[in-house]
Number of protein chains: 2
Amino acid sequence: MSNAKALSLLEPADGQGVVPCCRPLTERPMSAAEADTAARMFKALGDPVRLRLFSAVASHEGGEACVCDISDVGVSQPTVSHHLKKLKEAGLLTSERRGTWVYYRVEPSVLAAMGALLTQ
Amino acid sequence: MSNAKALSLLEPADGQGVVPCCRPLTERPMSAAEADTAARMFKALGDPVRLRLFSAVASHEGGEACVCDISDVGVSQPTVSHHLKKLKEAGLLTSERRGTWVYYRVEPSVLAAMGALLTQ
DNA sequence: CATCTATGTTGACACACGTCGAACCAGGGG
DNA sequence: CCCCTGGTTCGACGTGTGTCAACATAGATG
């Protein structure tokens, strides 16, 4: 469950954690490496079910949501679990088990980095 | 070649053209319909080659680029053409033939809408 | 321990996707 | 008219993806 920090758009900060990077993709042509990591995150949001799950977590009060709160998106429960895993692997979400339930929350710096990428 | 206005995140303006819409996906859970159209655009950017092509067009001087200017991304030329078509279908690019060459340019309002979606 | 609820994992399957070579279309010169 | 160059379309092939039912695991609770 350690989330492996994914392959985000983020550079490791000096000591720990991550910092936003990435200037707008309108500024200069992206390199192959940049495109590779960024595409992984866009791809994660490129499925309607995943996008709804991500939005549901992001907009939930307290910045986190239990699976039971957001699993009403029209697909089976295993499918929900599968998509949440994909979002986690892409570095967009983190998860934590507390008692009976598992809570997901968004990785805010990653969201910021993607937003910056699409700024003009 | 009329580009069919795609299924963008954009609402048709009163008279013509499109206007940015879409509040941040952190603001409230996306509906199925919203997620459907937005996911189509994220999906289009979810491939490294397409992302580089898009970035190359977006960052090219004059806001437009001939295919010959950007087709050096490591895949065959038919594949480049295929990806550009996908980006066009997603509403991210438009194309126009002028004489011998075909020029692509980004749909700026769409870029803005996607950026707004990822704002916190 | 037995059992119930909440999630995750596995295996299978149909379909979508990325890629290429070959064939094809559009203009611009000879 | 032929041919060259820039681009798109076609057909095929292997791989990836979304989905589900069935099974497995983690805590809570009796």
Side-chain angles (χ1 to χ4, degrees), chain A residues 1-4 7 32 35-54 56-57 60 64-90 92-105, chain B residues 1-4 7 32 35-54 56-57 60 64-90 92-105:
Chain A
M1 290 299 152
S2 63
N3 258 308
L7 8 59
D36 226 71
T37 63
R40 233 176 289 239
M41 321 189 69
F42 283 121
K43 189 177 197 173
L45 296 183
D47 178 272
V49 173
R50 275 198 299 269
L51 194 49
R52 290 185 71 189
L53 288 172
F54 184 74
V57 172
H60 204 264
E64 69 177 10
C66 157
V67 177
C68 56
D69 290 328
I70 59 175
S71 56
D72 190 20
V73 287
V75 295
S76 71
Q77 184 275 325
T79 302
V80 169
S81 191
H82 170 247
H83 283 307
L84 288 172
K85 185 179 184 180
K86 285 291 194 78
L87 287 168
K88 232 174 83 175
E89 288 172 352
L92 296 176
L93 294 179
T94 59
S95 72
E96 181 194 358
R97 168 161 228 138
R98 287 205 300 273
T100 305
W101 294 282
V102 177
Y103 293 89
Y104 283 82
R105 60 170 56 241
Chain B
M1 287 296 156
S2 64
N3 259 307
L7 9 60
D36 226 71
T37 63
R40 234 176 289 238
M41 320 188 71
F42 283 121
K43 188 177 198 173
L45 297 183
D47 178 274
V49 173
R50 276 199 296 270
L51 194 50
R52 289 185 71 190
L53 288 172
F54 184 75
V57 172
H60 205 264
E64 70 177 9
C66 157
V67 176
C68 56
D69 290 329
I70 60 175
S71 55
D72 190 20
V73 287
V75 295
S76 71
Q77 196 275 331
T79 302
V80 169
S81 190
H82 167 74
H83 283 306
L84 287 172
K85 185 179 184 181
K86 286 293 194 78
L87 287 167
K88 230 173 83 175
E89 287 171 352
L92 296 176
L93 294 180
T94 59
S95 72
E96 180 193 0
R97 167 161 229 139
R98 287 204 300 275
T100 305
W101 295 281
V102 176
Y103 293 88
Y104 282 81
R105 60 169 57 240

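A note on names: the letters A, B, ... follow the listed sequences, proteins ahead of strands, and every chain is numbered from 1.
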### Query
If you take all heavy atoms of B:K88 and B:L93, which pair is closest and at what distance?
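Reported closest heavy-atom pair: CG-O, 3.3 Å.
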### Message
Please find the pair of heavy atoms, one from A:D47 and one from A:H83, that lie closest to each other, and give the distance.
### Response
OD1-CE1, 3.8 Å
### Query
What does A:S81 touch in the nucleic acid at a heavy-atom separation under 4.0 angstrom: a base, only the sugar-phosphate, or nothing?
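A:S81: base contact, heavy atoms under 4.0 Å.
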### Task
Using a heavy-atom cut-off of under 4.0 Å over every strand shown, decide if A:Y104 touches base, sugar-phosphate, or nothing.
sugar-phosphate
### Message
In the structure I gave you, are the side-chain heavy atoms of A:D36 and B:L51 within less than 4.5 Å of one another anywhere?
### Response
no
### Query
Side chains of B:L53 and B:V57: closer than 4.5 Å at any heavy-atom pair?
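No. Closest side-chain heavy atoms not under 4.5 Å.
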### Message
Keeping A:R50 on the side-chain end and A:A44 on the backbone end, is there a donor-acceptor pair under 3.5 Å?
### Response
yes
### Task
Would you give a per-nucleotide map of nucleotides 12-18 of chain D, 5' to 3', where B means the base has a protein non-hydrogen atom under 4.0 Å away, S means only the sugar-phosphate does, and - means neither?
-----SS
### Residue whose closest nucleotide on DNA chain D lies nearer the 5' end, B:T100 versus A:T100
B:T100
### Message
Does anything in residues 71-80 of chain B form a side chain to side chain donor-acceptor pair (under 3.5 Å)? List the pairs, not counting sequence neighbours.
### Response
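Checked against side chain to side chain donor-acceptor pair (under 3.5 Å) - neighbours excluded - the pairs reaching residues 71-80 of chain B are B:S76-B:T79.
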### Task
Could you work out which one of C:dA6, D:dC20, C:dA22 sits closest to the side chain of A:R97?
C:dA6
#### Entry: Shortest side-chain distance from B:V67, nucleotide among D:dG7, C:dT7, D:dC20
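Per side-chain heavy atoms of B:V67, the pick is D:dG7.
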### Query
Roughly how many Å is it from NZ in B:K85 to P in C:dG18, rounded to a whole number?
13 Å
